[in-house]
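First the structure, in the form of structure tokens, and then the observations on it.
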Amino acid sequence: MSGLRRAKTWEISESEESDAETKPDLNRDGSRQIATISTDLTENHCSKHKCKSLPSSAAKSESNQAAALSAPRPDVRDTPSPARKRRTKAEVEADRRTAREKKEARERQRAARAQEKEERRQEQQRRREAAENLKSLRPESCLRSLTVCVDPALLQHEGSDILLDTLVTLEWRFNIESQLLPRSITWTRHLPQQGEDGKGSVEEEQVVLVLDLTDFMDMMVSVKKMLESEGEEEGVGSFLSPLLECLNRDAKKVVTLLVTDSQTDYSGVHLDETLQSRLGMGNLDFEEVLVYLQLCKNISLLFLDGWQEVTNHVCAVTKALSKRPYKLLTERAELPFCVDGSWASGVRVERDGSGLIQVWSRQIQQLNRVSPAVASAVTLAYPSPQLLLQAYQCLGSEEDRKGLLADLLVRSGGKEKRIGPEISARVYRCLTAQNPQLVLD
């Protein structure tokens with residue numbers, strides 16, 4: 001403890017002060033000189049008293065004293081900071097404009113990506129709807145969407161249960177409801193894609209009218225009277241009147257009369273005898289009535305033996321109606337007779353017109369005894385039918401037109417021969433004839 005007190009009260013001797021005074025130029029910083037002297041004196045005192053270590057409190061007091069004797073550090077706040085450049089108003093506006101342009105560019109990119117994503121979604125939706133529509137147009141799908149509508153009056157006929165049992169066995173949809181035309185069978189197609197527009201179903205044009213022999217004879221008499229009265233439809237029979245009204249209301253209706261009677265044989269002799277005996281009509285009168293029904297009213301006539309044949313006809317019409325949408329879809333091409341593939345002598349025609357010359361060649365080959373080599377020679381000289389027709393028009397006489405293609409050379413099997421006047425004349429008649437009944441060969 002004595003050594004510690006002595007260290008705390010240590011004073012600088014006169015000799016040391018004189019030495020410090022005699023050397024003022026060595027170190028002008030007085031505080032640093034005092035700190036150096038204090039450190040030397042402390043080490044000298046510790047070496048004299050042979051103290052190996054000091055207590056922690058003493059060490060702390062000495063460190064505080066040394067810190068108090070040390071020179072004060074310069075104040076950092078006193079150092080001047082570099083001058084900050086002040087931006088002008090134009091620069092601020094330019095920076096704001098740049099930031100705004102970058103923001104607008106990001107928004108445009110975001111909007112473009114969103115629009116592209118929406119377009120992809122809509123395209124996928126369109127493809128999905130197109131695939132569903134195409135799937136719904138298949139015959140097996142259309143068959144499930146068809147409903148056979150049977151008039152209740154037909155159920156009074158003996159044997160009509162054959163039709164109903166067949167529809168149940170085939171698991172086809174059918175409905176028994178009153179029709180505008182009594183004793184008729186119609187078909188209704190369900191259209192799910194048009195359900196939102198209030199058109200959930202559409203009625204087909206086909207109408208089957210089932211009559212017995214008595215009703216058919218009454219209709220024949222009514223038609224004969226109407227023809228004799230120069231086409232006046234007023235006052236006709238009670239059964240013919242609704243049929244004519246239905247056809248006048250919708251001219252697209254296609255009516256088929258099914259005449260059935262299990263007790264009558266519909267061979268030609270028995271039918272003529274029956275018509276002459278019951279109607280007093282001859283063959284000419286009967287033919288006149290049939291021509292009027294078929295050509296003027298688009299009504300077909302079939303004589304069937306019993307309800308089994310009626311059922312077979314209804315099933316055949318139902319299957320044909322189920323195949324109609326798909327056939328209409330395949331016939332929408334510009335050239336429906338040019339089928340895809342090589343079967344049936346078909347040629348594929350592209351959108352740019354490639355393949356039309358092959359179609360022209362196949363058209364010439366449809367003539368008898370016209371080989372592919374002959375057709376190739378004609379198409380090589382006249383690549384289209386229009387060019388050949390123009391060449392015909394440039395000639396003055398009929399003989400020159402018929403022999404226009406006669407001198408064309410045909411190369412086949414390493415040999416050359418002429419087309420000849422016969423084939424040349426047939427090609428000319430095929431392209432220029434106005435008579436549809438003309439025999440080319």
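Positions are given from 1, in the same order as the sequence printed here. Because the structure is predicted, anything quoted here is derived from the model rather than measured.
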Over all atoms of both residues, closest heavy-atom pair of [X] and [Y]:
X      : Y      : result
Glu177 : Pro152 : O-CD, 3.3 Å
Glu309 : Leu304 : OE1-CA, 3.3 Å
His313 : Leu302 : CE1-CD1, 3.6 Å
Cys149 : Thr188 : SG-OG1, 3.6 Å
Arg324 : Gln206 : NH2-NE2, 3.9 Å
Thr260 : Gly306 : OG1-N, 3.2 Å

Note, [X] side chain near [Y] side chain (heavy atom, < 4.5 Å):
X      : Y      : result
Leu240 : Leu244 : yes
Leu405 : Leu388 : yes
Ser322 : Arg138 : no
Val349 : Ser354 : no
Asp165 : Thr311 : no
Leu243 : Met219 : yes
Arg401 : Thr432 : no
Pro383 : Trp360 : no

Check your understanding: When you look at CD of Glu158, are more than 12 heavy atoms from neighbouring residues, nucleotides or ligands closer to it than 6.0 Å?
Key ->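 Counting neighbours around CD of Glu158, 12 or fewer heavy atoms of other residues, nucleotides or ligands fall under 6.0 Å, so no.
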If you measure from [atom1] on [X] to [atom2] on [Y], what distance do you get to the nearest 0.5 Å?
X      : Y      : atom1 : atom2 : answer
Tyr392 : Leu387 : OH    : CG    : 12.5 Å
Glu422 : Arg369 : CD    : CZ    : 5.0 Å
Lys253 : Leu247 : NZ    : CG    : 10.0 Å
Gln179 : Thr186 : CD    : OG1   : 3.5 Å
Ile185 : Asp151 : CD1   : CG    : 9.0 Å
Ser300 : Leu290 : OG    : CG    : 10.5 Å

**Study point:** Derivation and outcome, side chain to side chain contact (heavy atoms under 4.5 Å, CB included), residues Leu164 and Leu155
**Key:** CA-CA 9 Å; Leu164 301 181; Leu155 301 181; 3.6 Å; yes
Point to revise | The single option from Glu123, Gln124, Glu129 passing side chain to side chain donor-acceptor pair (under 3.5 Å) against Arg126 | key: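 The passing option is Glu123.
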Review point. How would you list, by chain and number, every residue that makes a side chain to side chain contact (heavy atoms under 4.5 Å, CB included) with Gln115, sequence neighbours excluded?
Key: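 Residues passing side chain to side chain contact (heavy atoms under 4.5 Å, CB included) with Gln115: Glu119.
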Do the charged groups of [X] and [Y] touch, with an N to O distance under 4.0 Å?
X      : Y      : value
Arg411 : Glu416 : yes
Glu288 : Lys224 : yes
Arg113 : Glu118 : no
Glu171 : Arg144 : no

Practice item. Check step by step if side chain to side chain donor-acceptor pair (under 3.5 Å) holds for Asn312 and Gln308. Key: CA-CA 6 Å; Asn312 296 338; Gln308 183 60 52; 3.3 Å; yes
Point to revise | Donor-acceptor under 3.5 Å (Ser145 side chain, Cys142 main chain) | key: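 Between the backbone of Cys142 and the side chain of Ser145 there is a qualifying donor-acceptor contact (under 3.5 Å).
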Practice item. For the pair Arg127 (side chain) and Gln122 (backbone), establish whether a donor and an acceptor sit closer than 3.5 Å, ignoring hydrogens and angles. Key: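 Side chain of Arg127 to backbone of Gln122, a donor-acceptor pair under 3.5 Å: no, none is there.
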Hey, can you pull the donor-acceptor pairs under 3.5 Å for the side chains in residues 95-102, sequence neighbours left out?
{"from": "Asp95", "atom 1": "OD2", "to": "Arg87", "atom 2": "NH1", "distance (Å)": "2.5"}
{"from": "Thr98", "atom 1": "OG1", "to": "Ala94", "atom 2": "O", "distance (Å)": "2.9"}

Exercise for review: Output, in order, the C-alpha distance, side-chain angles, deciding distance and verdict of side chain to side chain contact (heavy atoms under 4.5 Å, CB included) for Phe216 and Asp218.
Suggested key: CA-CA 5 Å; Phe216 172 69; Asp218 294 340; over 6 Å; no
Review point. Which is it for Trp187 and Thr318 under the side chain to side chain donor-acceptor pair (under 3.5 Å) test, yes or no, and what are the steps along the way?
Key: CA-CA 8 Å; Trp187 286 263; Thr318 305; 2.8 Å; yes
**Study point:** Derivation of the side chain to side chain contact (heavy atoms under 4.5 Å, CB included) call for Val168 and Phe174
**Key:** CA-CA 8 Å; Val168 172; Phe174 68 94; 3.7 Å; yes
Practice item. Show your reasoning for whether side chain to side chain donor-acceptor pair (under 3.5 Å) applies to Asp212 and Thr214. Key: CA-CA 6 Å; Asp212 55 17; Thr214 304; 4.8 Å; no
Point to revise | Lys417: which of Val410, Leu408, Leu409 passes side chain to side chain contact (heavy atoms under 4.5 Å, CB included) | key: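 Passing option: Val410.
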Point to revise | side chain to side chain contact (heavy atoms under 4.5 Å, CB included), paired with Val255, selected from Ile299, Val208, Asn298, Leu293 | key: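 Option passing the side chain to side chain contact (heavy atoms under 4.5 Å, CB included) with Val255: Ile299.
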Side-chain atoms of residues 373-382: list all donor-acceptor pairs with protein atoms under 3.5 Å, sequence neighbours left out, distances to 0.1 Å.
{"from": "Thr379", "atom 1": "OG1", "to": "Ala375", "atom 2": "O", "distance (Å)": "3.0"}
{"from": "Thr379", "atom 1": "OG1", "to": "Ser376", "atom 2": "O", "distance (Å)": "3.0"}

Check your understanding: What do the steps show when you test Tyr292 against Leu227 for side chain to side chain contact (heavy atoms under 4.5 Å, CB included), and what is the final call?
Key -> CA-CA 9 Å; Tyr292 172 78; Leu227 294 178; 3.6 Å; yes
Point to revise | Stepwise side chain to side chain donor-acceptor pair (under 3.5 Å) test for Gln125 and Arg128 | key: CA-CA 5 Å; Gln125 182 68 18; Arg128 191 180 301 109; 2.7 Å; yes
